[in-house]
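Here's the structure we're looking at; comments come further down.
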Amino acid sequence: MAAYGLYSHIQSNRRRSIALLVGLFFLVYLLVYAGALTAEALSVNADVDTLMRLAWRDMIAAAPLATLGTALWVVIAYYFHQNMIDAITGGREVNRAEQPRLYNILENLCISRGITMPKLKVMDSEALNAFATGMNQRQYSITVTSGLLNLLDDAEIEAVLGHGLTHIRNGDVRMMVIAVIIAGAISFFAELFFRMWFYGGFRGPRSSGDRRSGGAALAILIAIGLIVVAYVLSFVIRLALSRSRELLADAGSVELTKNPDAMISALRKIEGRGELPGATSAVMEMCIDNPRQGFGELFDTHPSVETRVADLVKFAGGHRSEERRVGKECRSR
C-alpha cells in the first residue's frame with residue numbers, strides 16, 4: 001500500500017486543487033447565466049433563442065463583477081476558514097500546560113520525523129473524532145475531541161495524530177478546504193436564487209393582458225435546470241475526491257508510528273461514534289471517520305472501517321485478533 005509522502009499522490013492533489021478552483025469560477029458563471037436568462041425571460045417577450053443570446057450578453061457584462069466576487073470569496077475563505085470551522089465545532093487552541101499528554105505525543109511525533117508541528121486544538125464533545133485543516137504552514141492544525149482523549153490510550157492517540165499529519169503532508173487538507181469553498185459558494189448562490197424565486201424576486205407579471213411566448217417559460221425551465229446542474233456538480237466535486245486519501249493517511253500513520261495495531265484499535269473504537277453535533281457535512285468529510293454514510297458506499301466520503309482495517313492487516317502488518325474485542329468492549333461501556 002502506498003504510504004506517507006507518496007509523491008504521485010501529492011502531485012495529484014496539487015493538480016486537483018487547481019482544477020477545483022477553475023471549476024468554481026465555471027460554476028459561478030453558470031449560475032450568473034442562469035440568473036440572466038431568468039431575468040430576460042421575465043422582462044422580454046421573445047423566443048428562447050433570442051432570450052439565450054440576451055442572457056449571454058448580460059453574463060459577459062456581469063463577468064468582471066462575478067469574478068471579483070468569487071475571488072473575494074476565495075480570499076476570505078483562505079484566511080478565515082479556520083475561524084469558521086472553530087466557530088462551528090467549538091475547537092480551541094491548547095498548549096502544553098493545558099494538554100500536556102496530547103501536546104507531548106504530537107510534539108514527539110513531529111520531532112522524531114522532522115515535521116513542522118501544526119497547531120493543536122481540542123473541542124468539547126463526547127464524540128470520538130479528529131480532523132486536520134489548513135492551507136499553509138501557518139494555518140495547519142489538528143483538532144481532536146475530548147471524548148477521543150478520554151477513551152483512547154497514548155498509542156491510539158499517536159496513531160490518530162499521525163493520520164492527521166499525513167493528511168497535512170500529502171496536501172489532502174488543502175484540497176478538502178478548496179472543495180468546501182466551492183460547495184459553500186455554489187450552495188449560497190443557488191439558495192439565494194431559489195429564495196428570490198419563491199419569495200418574490202422572480203414572480204413575473206401577474207397581468208392577464210401580459211401574454212408571453214412559450215419561449216419565456218422554456219427559458220425559465222432551462223435556467224432552473226442549469227442551477228440544479230451547478231448545485232449537483234458542486235456536490236459531485238466533493239464525492240470525486242478519492243476515498244483513497246483515507247487509506248493513504250492510515251498507511252502514513254503506520255509509517256510514522258510503526259504501530260499498525262494502534263491504528264486498527266483506534267479505528268475500531270471510533271467507528272460509528274464520531275458524529276460532531278452541529279457540524280456541517282463539509283466538516284465531517286475532513287474527519288478521521290464520517291458516520292454520515294448512505295446508499296451503500298456509492299456516496300460515502302470514507303471507506304468503511306472494515307475496508308481500512310483489512311488494508312492495514314494486508315499491507316501494514318496489522319493483526320485482527322484483538323481489534324473486534326476492543327471495539328465491542330468500547331461500545332459496551
Side-chain angles (χ1 to χ4, degrees), residues 4-6 9-21 24 71-96 98-99 102-103 105-107 109-111 113-123 125 129-145 148 157-185 237-238 241-242 245-246 248-250 252-253 256 274 276 279-290 301-302:
Y4 180 84
L6 182 64
H9 181 70
I10 296 173
Q11 292 301 106
S12 175
N13 276 346
R14 289 174 179 169
R15 291 192 296 270
R16 287 180 181 178
S17 296
I18 295 173
L20 287 174
L21 283 175
L24 168 60
L72 182 61
W73 181 288
V74 172
V75 170
I76 291 173
Y78 181 89
Y79 286 104
F80 299 105
H81 72 275
Q82 187 62 58
N83 301 80
M84 299 175 189
I85 292 173
D86 290 342
I88 292 172
T89 63
R92 56 183 178 83
E93 188 171 354
V94 296
N95 54 33
R96 192 194 306 275
E98 295 172 303
Q99 288 286 345
L102 180 64
Y103 193 95
I105 292 174
L106 179 60
E107 184 181 56
L109 191 58
C110 291
I111 290 175
R113 293 295 176 178
I115 301 171
T116 301
M117 184 171 170
K119 297 175 183 177
L120 188 58
K121 299 187 177 185
V122 174
M123 61 174 291
S125 173
N129 226 325
F131 57 89
T133 53
M135 294 282 282
N136 54 52
Q137 288 290 349
R138 295 191 304 275
Q139 294 178 341
Y140 290 142
S141 66
I142 297 178
T143 302
V144 301
T145 64
L148 185 137
I157 289 176
E158 184 182 49
V160 169
L161 294 175
H163 181 100
L165 286 172
T166 304
H167 274 316
I168 291 173
R169 182 65 179 271
N170 285 358
D172 295 329
V173 292
R174 184 187 302 112
M175 187 174 64
M176 288 301 298
V177 169
I178 291 174
V180 169
I181 293 172
I182 292 174
I237 282 173
R238 299 216 307 261
L241 302 179
S242 175
R245 71 182 186 275
E246 294 302 324
L248 290 169
D250 291 342
S253 176
L256 283 170
L276 302 180
T280 64
S281 296
V283 172
M284 293 304 302
E285 288 166 14
M286 296 180 179
C287 293
I288 188 172
D289 183 45
N290 182 7
T301 61
H302 290 53

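Treat the numbers as computed from the prediction; the structure is a model and nothing was measured.
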remark   = CD1 (I168) and CE (M117) are apart, to the nearest 0.5 Å, by 10.5 Å

request  = Go through the steps for I142 and L161 under the test side-chain contact (heavy atoms from CB on, under 4.5 Å), then give the verdict.
outcome  = CA-CA 7 Å; I142 297 178; L161 294 175; 3.9 Å; yes

remark   = The reported gap from CG in L106 to CG in L109 (rounded to nearest 0.5 angstrom) is 6.5 Å

message = Show, in sequence, the C-alpha distance, side-chain angles and deciding distance for T166 and L248, and conclude whether the side-chain contact (heavy atoms from CB on, under 4.5 Å) test is met.
response = CA-CA 8 Å; T166 304; L248 290 169; 5.7 Å; no

message = Give me the atom names and distance for the closest heavy-atom approach of V160 to A130.
response = CG1-CB, 3.6 Å

ask   = How many angstroms lie between CG in D289 and CG in L148, if you round to the nearest 0.5 Å?
value = 11.0 Å

request  = Take V173 and F131, measure what side-chain contact (heavy atoms from CB on, under 4.5 Å) needs, and give me the verdict at the end.
outcome  = CA-CA 9 Å; V173 292; F131 57 89; over 6 Å; no

task = Mind checking side-chain contact (heavy atoms from CB on, under 4.5 Å) for N83 and listing every partner two or more places apart, or none if nothing turns up?
result = F80

message = Just by distance, no angles: are the side chains of S141 and Q82 close enough, under 3.5 Å, to form a donor-acceptor pair?
response = yes

note = Residues passing the side-chain contact (heavy atoms from CB on, under 4.5 Å) test with E98, sequence neighbours excluded, are R92, V94, N95

Smallest separation among heavy atoms of A132 and G164, with atom names = CB-O, 3.7 Å

query = Are H302 and E285 close enough, and set up right, to give a side-chain hydrogen bond (donor to acceptor under 3.5 Å, both in side chains), and what steps lead you there?
reply = CA-CA 8 Å; H302 290 53; E285 288 166 14; over 6 Å; no

ask   = Under a 4.5 Å cut-off applied to non-hydrogen side-chain atoms, are H167 and M286 in contact?
value = no

query = For the atom pair CG (L165) and CD1 (I115), what is the distance rounded to the nearest 0.5 Å?
reply = 5.0 Å

query = Under 3.5 Å, side chain of N170 to main-chain N/O of D172, donor-acceptor pair present?
reply = no

task = Flag the pair T143 / K119 as yes when at least one side-chain heavy-atom distance between them is below 4.5 Å, and no otherwise.
result = no

ask   = Considering all heavy atoms of both residues, which atom of G274 and which atom of M284 are nearest to each other, and what is their separation?
value = O-CE, 3.5 Å

remark   = OG1 of T89 to CE of M84, rounded to nearest 0.5 Å, is 13.5 Å

key: Heavy-atom donor-acceptor pair, S253 side chain to A159 backbone, under 3.5 Å   = yes

query = Rounded to the nearest 0.5 Å, how far does CZ of R169 lie from CG of L256?
reply = 9.0 Å

ask   = So, Q139 side chain and M135 main chain: donor-acceptor pair closer than 3.5 Å or not?
value = yes

note = Here the pair of heavy atoms bringing S125 nearest to L276 is OG-CD2, 4.5 Å

request  = Give the minimum heavy-atom separation between C287 and N129, together with the two atoms involved.
outcome  = CB-OD1, 3.2 Å

query = Are side-chain heavy atoms of Q99 and V122 found at a separation under 4.5 Å?
reply = yes

Candidate pair T116 and C110, rule side-chain contact (heavy atoms from CB on, under 4.5 Å), full reasoning = CA-CA 6 Å; T116 301; C110 291; over 6 Å; no

